[in-house]
Amino acid sequence: MDSSLREVWQAAAGSPFLPTVGKGSQFLVGFVLLANGLVASGIFALNRSLLNLTTLGIPASLAIAFGVVYMFCAVGVYV
């Protein structure tokens with residue numbers, strides 16, 4: 001694969017990047033993820049077990065993390 005940087009640049013120019021979550025709905029997606037993560041972590045806190053860790057704890061922490069990132073991106077603070 002001997003492609004020069006110029007060829008790669010020109011090939012990429014024909015296919016623009018389209019994000020999965022649009023700029024206008026990032027705050028809503030972030031807020032929903034954050035709220036769901038907080039509710040799930042609250043439920044996990046009431047009944048901590050190994051089963052609930054895999055079904056509630058880990059998804060809750062991921063939802064909180066991605067929710068915060070989406071909310072920061074929606075207001076213009078990029079992490």
Side-chain angles (χ1 to χ4, degrees):
M1 298 195 61
D2 290 325
S3 296
S4 68
L5 181 59
R6 188 174 211 37
E7 291 172 0
V8 173
W9 183 268
Q10 289 174 349
S15 58
F17 173 71
L18 297 173
T20 306
V21 178
K23 185 70 174 170
S25 62
Q26 282 182 351
F27 186 80
L28 177 65
V29 170
F31 182 77
V32 168
L33 282 171
L34 189 60
N36 286 342
L38 291 174
V39 168
S41 64
I43 294 171
F44 172 69
L46 293 175
N47 185 10
R48 290 186 283 173
S49 69
L50 188 59
L51 177 66
N52 282 341
L53 177 66
T54 57
T55 58
L56 290 174
I58 295 172
S61 65
L62 289 173
I64 290 172
F66 282 109
V68 167
V69 168
Y70 271 121
M71 288 182 74
F72 277 147
C73 288
V75 295
V77 179
Y78 297 102
V79 258

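Keep in mind it's a predicted model, so treat the numbers as computed, not measured.
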[X] versus [Y], closest heavy-atom pair with distance:
X: Pro16; Y: Gly14; value: CD-O, 3.6 Å
X: Asn52; Y: Asn47; value: ND2-O, 2.6 Å
X: Ser41; Y: Ala60; value: N-CB, 3.7 Å
X: Tyr70; Y: Gln26; value: CB-O, 3.8 Å
X: Pro59; Y: Thr54; value: CD-O, 3.7 Å

Is there a path of hydrophobic side-chain contacts, each under 4.5 Å between heavy atoms, that joins [X] and [Y]?
X: Val29; Y: Phe31; answer: no
X: Val39; Y: Leu46; answer: no
X: Met71; Y: Leu38; answer: yes
X: Leu50; Y: Phe44; answer: yes
X: Val21; Y: Leu33; answer: yes

> Distance-only, no hydrogens or angles: does the Ser25 side chain make a donor-acceptor pair with backbone N or O of Leu28 under 3.5 Å?
Replying inline: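 Not at all, since once roles are kept as given, no pair shorter than 3.5 Å links the two residues.
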
>> Distance check, rounded to the nearest 0.5 Å: Ile64 atom CD1 versus Leu34 atom CG?
In response: 6.5 Å

